[in-house]
Amino acid sequence: MNFTSPAFLWMLAALAPLAAAYFLKVRPRRFPVNALFLWEKIFQEKKASSLFQRLRDLFSLLMMALALGAIALAAAGPRPAKQDKRDLLVVIDTSPSMKAKSGNKDGIEAAKDRARDIVRALNGTRRAALATASGELDFLSHASDSPKDLTDAIARLSASDTPVGPATVAALNSCARGAGSAGRVLLITDGNPGWDGLDPSVEVMRLTPAPPNAGFIAADLDRKPGTTRGAVFFYRIASSVTQESSAELELRHEEMGLARLVPVTLKPGEETSDTLDIDDAAPGRWTAELKFPDALATDNSVALGLAESKPVTVKISAPEAYFFQRCVEAFSLTGGLLALAEKDADVTIAQGSPSPDARQIVFAPAGESPFWSGGAGEIEVLAAESRIPDHPAVKHLALEAMRFEGARDVTPVAGALVLAVSESGKPLIWKARAEGRDALVVNLDPAKGDFFFSPAFPALVHGAALDLSGRGPALRSAHPTGSRLNAGGAVTGPDGNKLAAGDFTVAKIGHYLAETPAGSRWFGGALFERSETVLDGSGPVDSGAAVERGHPFAFWLLIVAIALLAAEFFLYHRRKAG
Amino acid sequence: MPEPLESLPPGELTGAGFIRRLETLFLLVRRVLGGSMQADRKSTRKGTGITFADYAEYRMGDDYRAIDWRVYARFDELVIKLFELEEDATVYLLLDLSRSMQTKTAMARKLAAALGYIGLNCQDRVACYGMADELRPLLEVTRGRGKVLTLLRSLESAPCFGKDTDFSTCVRTLEARHRKKGLVVVISDFFYPAGFEEGLKRLSGLGHDVHAIQVLSEEDLKCERKGDLELECVESGKRRKVTVTSRELDAYAAAVAEWNEKLRVECARRGIGFTRTLDTEAFDEVIRAILQRGGLAA
């Protein structure tokens with residue numbers, strides 16, 4: 001056993017004044033009486049216990065001395081001779097599955113208890129840091145040897161709605177490698193999947209597995225093609241039930257109330273999926289709820305949004321309007337996504353020079369315009385490549401197969417978002433904003449190279465029209481938490497917080513409201529992660545990490561000291577005050 | 001708890017207010033007796049008074065003037081008339097001045113003062129003694145109204161003394177000092193470690209009329225202190241370290257009650273008048289009650 005602060009042993013020298021003070025303290029109060037002989041008569045009858053009474057002061061002093069000794073030893077910070085002195089990074093898995101209850105406690109509470117146990121054992125001799133792992137690795141505290149700071153940080157943490165992703169695992173691996181032999185990385189997790197590629201140097205402490213669970217792993221609500229009021233709801237439910245079980249599925253509109261209630265049978269090892277028709281589906285917030293008592297409630301509910309059935313109106317102001325009109329009409333017939341309009345259209349398709357309308361797709365830019373400059377001569381494009389492959393305007397285009405014939409050597413206006421360039425870096429597709437107008441410029445002549453007959457033509461028109469109108473396909477009825485999304489406008493989260501326009505991460509489960517150029521639109525954030533629902537415990541195995549836990553020896557010494565002092569006080573008080 | 005007193009502050013017993021209260025008490029006595037200044041107190045002895053008491057057979061030596069000739073004429077027997085003897089009695093006041101009385105000495109001295117005042121005003125002979133481990137004279141046997149202030153001053157200024165209360169020794173000293181029988185009033189708390197039985201037995205055995213007035217304080221009857229205490233006898237200074245709990249407090253209260261009951265029974269057994277009072281009561285009320293019991297006050 002080592003003593004980190006042997007100087008505190010000098011406290012034992014305080015025993016002498018303690019004894020002196022004690023005897024002063026226990027000196028009885030003098031009490032004059034008129035009939036001492038009567039008192040003596042009483043106490044003669046109690047002679048049998050006088051030995052104990054004589055020794056009682058000594059017992060009491062002995063207890064105080066032992067208490068002081070225990071305090072001095074505790075202050076000296078005794079610890080085992082072979083104590084591991086490496087710093088610790090305690091990482092707590094806060095993915096949604098940690099909300100699953102096992103008995104009376106959910107995984108988060110169990111992990112907090114485990115972390116507190118580890119922190120308590122630090123005893124000020126080494127440091128620990130605390131981090132949570134869900135959609136990202138989030139540090140809650142710096143390396144500290146203060147148990148209070150760490151326990152405060154533990155108290156603050158809560159489960160996330162975002163499952164563990166590869167970026168989290170990579171960050172954790174990086175920490176583990178960075179710590180090397182100077183530190184240890186402990187991961188407290190429920191052991192569910194999602195930790196693929198976890199570095200072996202990360203020591204895993206697994207919690208008790210959760211009981212069977214069932215929940216949504218996919219759901220969608222969208223307009224039924226060819227209708228303006230009808231909708232279709234699709235769902236897929238995964239479960240880890242061990243025997244066939246019955247449940248109910250409710251589909252509700254926030255204002256209209258219950259729309260569908262269907263029985264669902266959960267079979268062991270099977271996923272359950274189906275589509276439900278809704279004849280009169282109002283736009284707005286919808287919620288699908290699986291009524292099944294299980295371990296995790298988070299995945300039993302899905303927030304959904306349904307947009308108004310409103311096609312994007314398109315005006316054609318190009319000289320060769322025929323193919324553009326046919327393209328828009330085709331989309332109008334198949335799902336009502338696009339519709340031709342003569343005026344006040346959401347989007348205008350122009351050719352050559354831009355139109356004065358607010359949103360437009362401009363093919364074959366020529367001359368000077370607010371959206372570009374130059375364009376004196378044609379350029380030859382051998383191969384095009386995407387700068388932002390996931391952008392809704394170009395995500396469905398096979399750019400490498402497209403022929404940009406008739407492209408000109410133009411320069412996008414400053415601040416333009418270039419989506420595709422040639423092999424020589426010449427801009428081919430860009431999105432720009434100038435003079436209060438938005439334009440998606442496609443640097444090719446549609447009349448050349450059989451562009452009108454290529455599959456890229458309708459894909460480009462459709463994607464660009466939806467993107468410019470703010471009703472891009474990026475917004476589905478529900479998006480899995482952890483996914484990145486651009487709603488095309490400002491977004492209000494489930495907790496009422498405003499999210500900046502642009503790309504954002506769907507971090508919380510619940511309803512989101514997007515303010516797009518085409519109007520407000522609800523959509524949902526949902527778990528939709530099979531590994532977080534099935535809870536099969538097939539994740540990282542327990543490393544059997546040997547780490548000190550529980551209160552240090554000094555703590556128990558203090559407890560003993562307090563118990564001794566309390567006992568002494570009780571005895572003393574009883575004697576002093578009766 | 002009252003402040004312990006060695007003696008009373010000047011004027012406590014000699015002040016006009018206190019004397020007026022004594023005078024009031026005396027007037028109560030005068031109203032009942034209605035006699036002159038000559039030895040108003042009735043005696044159990046038969047003598048030459050004016051109040052007929054009994055007949056007795058004539059014997060040689062008897063005053064033939066006492067022969068009732070009417071009885072002789074009717075029954076042919078010589079009998080003499082006996083009359084109650086009206087004599088001047090001697091009142092012995094034995095006042096406990098041991099240190100155990102310090103907290104209630106004012107009450108005890110006032111009682112002694114009242115009795116002494118009445119005695120002197122009734123032309124009785126009064127003697128007053130302080131009692132502790134020995135008997136100390138406060139007022140030698142005297143008579144007459146003029147000695148009242150002397151009595152009151154000596155009662156006022158007499159200090160508490162002694163290291164113990166030895167009642168038997170005090171009684172023996174009184175016996176040695178005075179052969180004349182009289183009324184002995186013992187004013188004390190009767191907390192005598194050696195006991196009170198022997199003293200009372202001797203007093204009543206000497207033929208005195210004895211009256212015991214037990215003066216107690218609330219603190220004598222029960223104790224409220226608990227915990228570790230060092231009990232110190234106020235008289236002997238003897239100490240004892242004890243731990244007092246509720247059980248001991250109850251035992252003490254029971255012991256005091258038993259002691260007092262024993263005193264009462266002893267007095268009753270020996271025909272001794274007995275009065276118990278607390279130091280918080282009014283002394284004149286206590287005296288009036290005693291006089292009423294004795295038929296000396298209305």
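Convention: sequence-line order gives letters A, B, ...; per-chain numbering from 1.
Put simply, of B/Ala255, B/Ala251, B/Ser98, B/Ser236, the one with the most heavy-atom pairs under 4.5 Å next to chain A is B/Ala251.
In this structure, the side chains of A/Leu36 and B/Val234 stay at 4.5 Å or more apart for every pair of heavy atoms. Between A/Trp39 and B/Cys233, the closest side-chain pair of non-hydrogen atoms is not below 4.5 Å. Looking only at side-chain heavy atoms (C-beta outward), B/Lys104 and A/Asn34 come within less than 4.5 Å of each other. Within the 4.5 Å cutoff, the side chain of A/Phe31 has no heavy atoms near those of the B/Glu232 side chain.
Screening B/Tyr252, B/Tyr192, B/Trp259 against A/Phe37 for a ring-ring contact (aromatic ring centres under 6.0 Å, His included) leaves a single residue, B/Trp259.
Note that CD1 of A/Ile42 and CG of B/Leu249 are 8.5 Å apart. Values are rounded to the nearest 0.5 Å. Atom CG in B/Leu229 sits 12.0 Å away from atom CZ in A/Arg30 (nearest 0.5 Å). Note that CD of B/Glu230 and CZ of A/Arg29 are 12.0 Å apart. Values are rounded to the nearest 0.5 Å.
Under 4.0 Å is where a charged nitrogen must lie from a carboxylate oxygen, and between A/Lys41 and B/Glu258 at least one such pair does.
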